[in-house]
Amino acid sequence: MSVKITFPDGAIKEFQSGITALEIAGQLSNSLPKKVLAAEINGEIQDATRPITGDATLKLLTWNDNGGKSTFWHSSAHLMAEAIESLYKGIKFGIGPPIENGFYYDIDTGHNTLTINDLEKIEKKMLELANQKSEFKRKAISKGDAIAYFTEKGDEYKLELLEGLEDGHITFYEQGGFTDLCRGPHIPNTGHIKAIKLMKLAGAYWRGDEKRKQLTRIYGVTFPNQQELDDYLKMLEEAEKRDHRKLGQQLEIYTFDEEVGPGLPLWLPNGGFLIEKIEELAKQTEDEVGYSRVRTPHIAKEALYIRSGHLPYYKESMFPPMELDNVKYYLKAMNCPHHHKIFGAMPKSYKDLPIRLAEYGTCYRYEDSGSLFGLMRVRSLQMNDAHIYCTKEQFESEFRAVNAMYLKYFKIFGIEKYKMRLSKHDPSKLGQKYINEPELWIETEEMVRNVLINSGIPFEEVQDEAAFYGPKIDIQIYSAIGREFTLATNQVDFAQGKRFNLKYINKDNQEEFPIIIHRAPLSTHERFIGFLLEHYAGNFPLWLAPKQIAILPISDKFMTYAEGVASKLKEKGFRVKMDERAEKIGKKIRDAEVMKIPYMTVIGEKEELNGQISVRKHGKGDIGSFSIEDFAVLLQEENKR
RNA sequence: GCCGAUGUAGCUCAGUGGUAGAGCACUUCCUUGGUAAGGAAGAGGUCGCGGGUUCAAUUCCCUUCAUCGGCUCCA
């Protein structure tokens with residue numbers, strides 16, 4: 001009996017039935033079997049050691065394939081579990097999957113307390129066990145036997161996992177002295193794992209449920225050689241350098257103060273400047289396409305948020321109310337109810353629509369203390385908010401226009417790496433997390449999907465991520481250290497119009513509720529500037545840089561000339577910073593470089609004599625001498641956003 | 001909010017059961033120097049806050065606050 005194997009390049013070869021992918025690799029080349037970690041057989045990733053008994057397509061997976069990597073890391077999680085089990089008694093294991101960069105295993109440490117110091121010990125043990133090149137052995141097992149095994153072992157977590165599995169589809173994997181309930185696949189043997197780094201120790205709720213026991217999660221990453229590990233650690237170090245919290249301090253953008261409160265950033269002058277500049281961009285952009293600017297108070301009565309429906313959903317994340325004359329007032333956590341009241345303040349005709357109300361609104365949200373994160377997750381925030389009230393017929397063009405605005409901004413800021421997500425409701429949570437209008441949900445989700453498809457914007461759809469009042473498009477971005485954030489959001493609201501009794505008179509003299517679009521393409525100042533810091537690694541484009549040109553006189557003999565240069569550049573609209581300190585030029589340059597000021601002009605005897613300036617570009621070095629006029633012309637183009 | 005770690009000068013960090021140190025930054029003085037750190041002196045800290053143990057606590061213990069790594073959450 002033979003089987004026909006189709007390779008990715010289309011080639012078809014015949015092999016003896018029962019041959020494994022690993023054996024096939026051996027027939028193709030001598031070195032290949034050492035690299036094969038798993039096999040994609042008929043589109044499904046499997047152990048490379050499983051016999052192939054029918055015709056199949058085959059792709060051999062190595063470290064260079066995502067499937068190879070994830071199999072490698074999954075096996076590494078098992079290796080770590082083996083090491084932990086051999087070092088400590090009474091450990092119970094939850095789950096141990098591969099993740100984007102490595103793997104983790106959730107464990108119940110029982111009487112042991114693991115600390116960071118244990119990680120090194122576990123790493124050593126893992127290397128020792130990896131060296132034994134233990135094979136991963138797959139074993140189909142009956143549910144009864146599996147239950148017996150883990151009952152004997154006393155691992156209630158595995159027993160709980162088994163409850164959800166169907167008899168006849170249960171497999172164990174064994175390597176060395178460790179057996180785990182596992183679907184697989186795994187690498188052929190532990191010998192492939194050559195470099196190991198256990199990254200961190202953290203708590204994680206069993207099955208992600210905060211009401212259940214918190215287990216200890218150990219994160220790790222492994223590689224097939226030391227070099228790759230070194231490179232990876234170096235990459236992490238580089239990423240840390242562009243962490244907005246570090247840059248925010250270094251470039252004097254913002255600060256926190258314990259007496260002010262957690263999550264309440266104080267914007268330093270450089271940060272204040274960025275805010276002004278971004279706001280200028282938003283106002284200009286919105287003016288051009290027919291938005292009106294409004295302003296609303298930072299607080300409102302409880303009744304407003306009861307009407308909007310926010311209070312029951314979000315009470316926990318609002319600052320507690322203040323009570324005056326028996327009336328409760330809340331700090332606003334969102335601007336929408338205020339804007340709705342503005343819409344409702346005067347009667348509206350269909351001729352007035354669409355109405356687009358914009359405001360950089362300041363909101364306060366009582367985020368969990370544990371979730372605060374630099375500028376990316378704060379408790380006071382200023383949002384690039386606007387609400388568009390339109391008819392059903394106008395919806396598509398309005399929604400498209402909003403998307404176009406997003407793309408315009410992305411172009412201005414050079415944002416290429418993002419993910420658009422259509423966040424939908426979850427039918428099983430209607431009436432709880434989501435407003436109970438099943439048909440309207442389907443209808444609006446379809447409307448949004450169509451706009452995205454018609455505009456040719458790639459997106460993915462995710463359930464159970466919508467706002468309570470309607471579906472939304474979220475723009476997902478990643479922080480320097482890889483954490484995922486929603487940068488901006490674009491939402492459809494079919495509920496609040498009715499709740500606020502917002503009406504317009506249509507052509508037929510009938511009252512109708514408008515559809516409301518909530519949008520915040522520039523996010524909040526906090527998150528957007530946090531993102532920009534990481535995006536640009538602190539090197540803001542010229543138009544946005546708080547200080548554009550550092551004036552660096554070589555000695556105070558040239559101060560008068562330097563001041564003349566500074567005031568001429570200021571007249572031409574540039575933002576200059578004069579360094580009058582009695583420091584050497586090398587020191588002044590260094591300080592300007594550290595502050596990432598885009599241009600430096602060195603001014604000394606030579607310059608004063610021929611009426612020029614020497615220009616140095618940040619990160620590049622000396623770019624030669626210019627007259628002030630020529631320099632201004634040089635910067636003109638770059639200074640446009 | 002939960003698990004874990006951390007908290008010493010503006011910043012980065014040493015250190016100790018007998019009330020503290022470095023580098024950078026800051027102030028003053030000297031230096032007037034040509035493309036990433038010139039020199040000297042000085043000033044600056046209730047060792048996060050509160051409590052306990054002790055003759056004595058910055059150090060050991062507890063509480064609390066904040067930050068960090070995760071989890072949960074995220075309008």
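Only a predicted model underlies this, so the values are computations on that prediction, with no experimental measurement involved. Proteins come first, then strands; the chains are lettered A, B, ... in the order of their sequence lines, and each starts at number 1.
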Modelled atom types, side-chain donor and acceptor of A/T296 and A/K332, under 3.5 Å: yes
Whole-Å C1' distance, B/A9 and B/U58: 14 Å
Base paired to B/U35 (Watson-Crick or G-U; both N/O distances under 3.5 angstrom): none
Reading 5' to 3' through nucleotides 24-36 of chain B, protein heavy-atom contacts under 4.0 Å coded B for base, S for sugar-phosphate only, - for none: -S-----BBBBBB
Validation row: A/P97, A/H74 side chains within 4.5 angstrom (heavy atoms): no
Plane angle bin for A/Y366 and A/F319 - parallel if under 30°, tilted between 30 and 60°, otherwise perpendicular: perpendicular
Nucleotide paired to B/U46 in any strand shown, Watson-Crick or G-U, under 3.5 Å: none
C1' atoms of B/G50 and B/G7, separation to the nearest Å: 15 Å
Nucleic acid footprint by protein, nucleotides 66-75 of chain B - heavy-atom cut-off 4.0 Å, B for base, S for sugar-phosphate alone: SSSBBBBBBB
Salt bridge (Lys or Arg N to Asp or Glu O under 4.0 Å) partners of residues 461-480 of chain A, not counting sequence neighbours, each pair once: A/R421-A/E465, A/R421-A/D474, A/K424-A/E461, A/K429-A/D464, A/K433-A/D464, A/R449-A/E461, A/K472-A/D474
A/Y314 and A/F468 aromatic ring geometry - parallel, tilted or perpendicular at 30°/60° bounds: tilted
Mutual orientation of the aromatic rings belonging to A/H310 and A/Y469 [parallel < 30°, tilted 30-60°, perpendicular > 60°]: perpendicular
P-based separation of B/U31 from B/C47 [nearest Å]: 41 Å
B/A22 pairs with, by Watson-Crick or G-U criteria that keep both distances under 3.5 Å: B/U12
A/D385 and A/Y360: side chain donor to acceptor below 3.5 Å: no
Nearest-Å distance once atom P is located in both B/U16 and B/G1: 34 Å
Nearest-Å distance once atom P is located in both B/U35 and B/C26: 22 Å
C1' gap between B/A22 and B/G69, integer Å: 29 Å
Protein-nucleotide distance (A/R212, atom CZ; B/C3, atom C1'), rounded to Å: 16 Å
Length of the OH-C1' vector between A/Y104 and B/C3, whole Å: 15 Å
Integer angstrom distance from the C1' of B/U64 to that of B/G52: 14 Å
Partner nucleotide of B/U67 by Watson-Crick or wobble geometry (both distances under 3.5 Å): B/A5
Assigned partner base of B/U27, Watson-Crick or wobble definition, under 3.5 Å: B/A41
A/F485/A/Y478 aromatic ring centres below 6.0 Å: no
Cation-aromatic face contact A/R217/A/Y104, 6.0 Å, 45 degrees: yes
Gap in Å between the two P atoms, one belonging to B/G38 and one to B/U32, rounded: 15 Å
Exercise: do A/H340 and A/Y389 side chains pair donor with acceptor under 3.5 Å: yes
